[in-house]
There are 2 protein chains.
Amino acid sequence: MGEHPGAIALAVSTVIFALRPDQPDAPAGLWLPLVRRIRPPYEGDWALPGGPLMIDEDLEDAAARTLGATTALEPAYLEQLYAFGTLDRSPEGAKDRVVSIVYWALVSSDEVATSAGANPENVSWFSVDDLPDLAFDHDVIIEYALWRLRNKVEYSRIAHAFLGDTFTLAELREVHEAVLGRSLDPANFRRQIESSNSVVPTGKRVLGTSYRPPRLYRYNTSVAPVDRGPLDRLPRKPRP
Amino acid sequence: MGEHPGAIALAVSTVIFALRPDQPDAPAGLWLPLVRRIRPPYEGDWALPGGPLMIDEDLEDAAARTLGATTALEPAYLEQLYAFGTLDRSPEGAKDRVVSIVYWALVSSDEVATSAGANPENVSWFSVDDLPDLAFDHDVIIEYALWRLRNKVEYSRIAHAFLGDTFTLAELREVHEAVLGRSLDPANFRRQIESSNSVVPTGKRVLGTSYRPPRLYRYNTSVAPVDRGPLDRLPRKPRP
DNA sequence: GGAATAGTGTCTATAAGACAGTATGCA
DNA sequence: TGCATACTGTCTTATAGACACTATTCC
């Protein structure tokens with residue numbers, strides 16, 4: 001950064017959330033990958049994955065690209081968070097002026113498990129409850145991303161992004177519980193989800209349980225996960 | 001724009017909303033100032049006020065600066081809207097790549113009236129219901145700002161930003177009605193506002209009415225207008 | 001049948017909306 | 001006194017939450 005004194009650099013970073021248990025058979029929590037900085041400022045501290053914006057690349061593509069470079073995954077959900085650009089972001093001040101356009105993403109948990117060994121050098125996953133020393137203002141950025149995630153999970157349909165293709169209502173409820181950090185009434189949760197039409201029953205059930213097997217559901221793709229308002233009029237490449 | 005081929009320009013623009021009646025004694029509507037473009041692309045079309053970000057200037061300061069240059073006013077409310085950066089924003093494509101960080105602002109209506117003659121050349125105010133041909137993707141940006149404003153007025157306390165120091169509940173209700181585009185029940189509106197504690201009675205009443213004089217209220221500054229979450233941890237200069 | 005979880009019914013508290021009705025200041 | 005608007009009371013409906021209850025599968 002800051003090779004051209006007097007210029008303002010433009011970077012894109014991404015807060016990538018995955019859901020996974022702290023220990024086996026423990027309740028799941030939120031985790032995110034960070035990159036260790038190998039040069040000043042903040043050498044040795046951890047930072048959000050990201051990098052400069054390419055000249056022929058959309059902002060969202062840049063976020064998805066760094067996500068892929070960090071986790072070898074596709075985002076299940078991706079949304080712009082905020083543009084951070086105060087003068088005090090770098091200890092160098094205006095000499096190292098960087099405006100970061102930050103995205104936040106959700107990745108499916110079972111995919112995280114299968115690609116666990118695919119993490120490049122200098123990348124580690126951390127629980128959001130136990131973060132290391134962070135570079136720049138990345139602590140505030142992560143807090144803000146968490147705040148947005150927790151708000152959004154209550155009024156939109158993004159929780160399924162943490163799950164696989166089919167899932168039980170108990171699994172979906174556990175996602176909500178992990179994100180919100182509190183337990184939810186199974187009866188009321190079921191009613192809320194059913195009345196929102198966000199899932200459809202597959203007709204199948206879970207096999208191999210030692211008790212009554214729960215129904216499996218699939219996400220209802222005919223209902224938009226979030227209302228982005230007029231932003232949906234902007235071009236968006238479909239992601240597989 | 002685009003003086004350095006291969007570089008990505010960074011601009012800050014602002015959607016500035018004011019409330020004023022279409023004709024005298026008509027119900028108020030939303031208006032905003034636009035700037036006529038005097039060079040290609042989109043020469044002759046209208047665009048949002050804005051310009052390049054200065055090296056030693058915070059994003060929010062840049063938005064407030066262009067607001068002042070356009071309207072000679074201080075923003076009563078100012079919030080970041082979104083960063084727009086798709087490749088197709090300019091007809092030149094990647095050759096004229098501009099990432100715009102857009103803010104939206106509310107200005108007080110009586111101040112607009114007093115500074116009506118202070119508009120610089122090439123600036124005109126338009127009703128949001130009757131916009132002219134717009135440059136770039138500024139039509140989508142304005143639509144999105146309107147969408148945010150209408151959502152936010154329902155669950156936060158920003159409507160008073162359109163009003164002066166003191167106001168009646170009927171005036172505050174008329175602001176909500178103008179923003180939302182529908183009429184509201186005076187009784188229910190009163191209860192909602194009172195239970196939210198966003199206003200406090202001044203003890204004074206309006207003078208010179210030919211009917212029962214309504215109470216005057218003042219905005220309750222001890223309650224935050226909006227919950228910005230962890231963003232409040234970022235440095236912010238107080239605006240007078 | 002017992003254990004364990006899936007799934008249902010029902011009551012209560014709270015808030016939003018519709019709308020009738022009362023209060024007050026001035027001509 | 002009548003008019004116009006300020007302000008209050010009350011009923012209905014929708015929704016969230018608490019929690020008791022029934023259902024189904026495997027052992």
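Here is how names work: the chains are called A, B, and so on, in the same order as the sequence lines, proteins then strands, and each is numbered from 1. Note that these values count all heavy atoms, side chains included, but never hydrogens, waters or copies made by symmetry.
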### Task
Answer yes when B:R228 and B:E79 have at least one side-chain N-carboxylate O distance shorter than 4.0 Å, and no when they do not.
no

### Message
By nearest heavy atom, map B:R182 and A:P213 onto DNA chain C; which one lands nearer the 5' end?
### Response
A:P213

### Task
Grab the NZ-C1' distance between A:K204 and C:dA6 for me, whole Å please.
20 Å

### Query
For the residue pair B:W147 and B:Y144, does the interplanar ring angle fall in the parallel (under 30°), tilted (30 to 60°) or perpendicular (over 60°) class?
parallel

### Task
Would you jot down, in residue-number order, the residues of residues 184-203 of chain A having a non-hydrogen atom under 4.0 Å from DNA chain C?
A:A187, A:R190, A:R191

### Query
Does a donor on one side chain and an acceptor on the other come within less than 3.5 Å for B:N151 and B:R148?
no

### Query
For the pair made of CZ in B:R205 and P in C:dA23, what is the distance, rounded to whole Å?
15 Å

### Query
With ring centroids as reference points, do A:H160 and A:F167 lie under 6.0 angstrom apart?
no

### Query
Just checking A:T209: base, sugar-phosphate only, or nothing, at a heavy-atom cut-off of under 4.0 Å?
sugar-phosphate

#### Entry: Residues B:R150 and B:E154 bridged, charged N to O under 4.0 Å
no

### Task
Can you tell me the distance, in whole Å, between the CZ atom of A:R215 and the P atom of D:dT25?
10 Å

### Query
Once the angle between the rings of B:W104 and B:F17 is folded into 0 to 90°, is it parallel (under 30°), tilted (30 to 60°) or perpendicular (over 60°)?
perpendicular

### Task
Looking only at side-chain atoms of A:Y211, point me to the closest of D:dT24, C:dA4, D:dC7.
C:dA4

#### Entry: Length of the line joining B:L216:CG and D:dA6:P, which is rounded to integer Å
12 Å

### Nucleotide D:dT5, atom P - distance to CG of B:L169 in whole Å
16 Å

### Task
Give the rounded distance in Å between these two atoms: CG of A:L180 and C1' of D:dG17.
15 Å

### Message
Let's test your reading of the model: under 3.5 Å, does the base of D:dA23 pair with the side chain of A:R212 as donor and acceptor?
### Response
yes

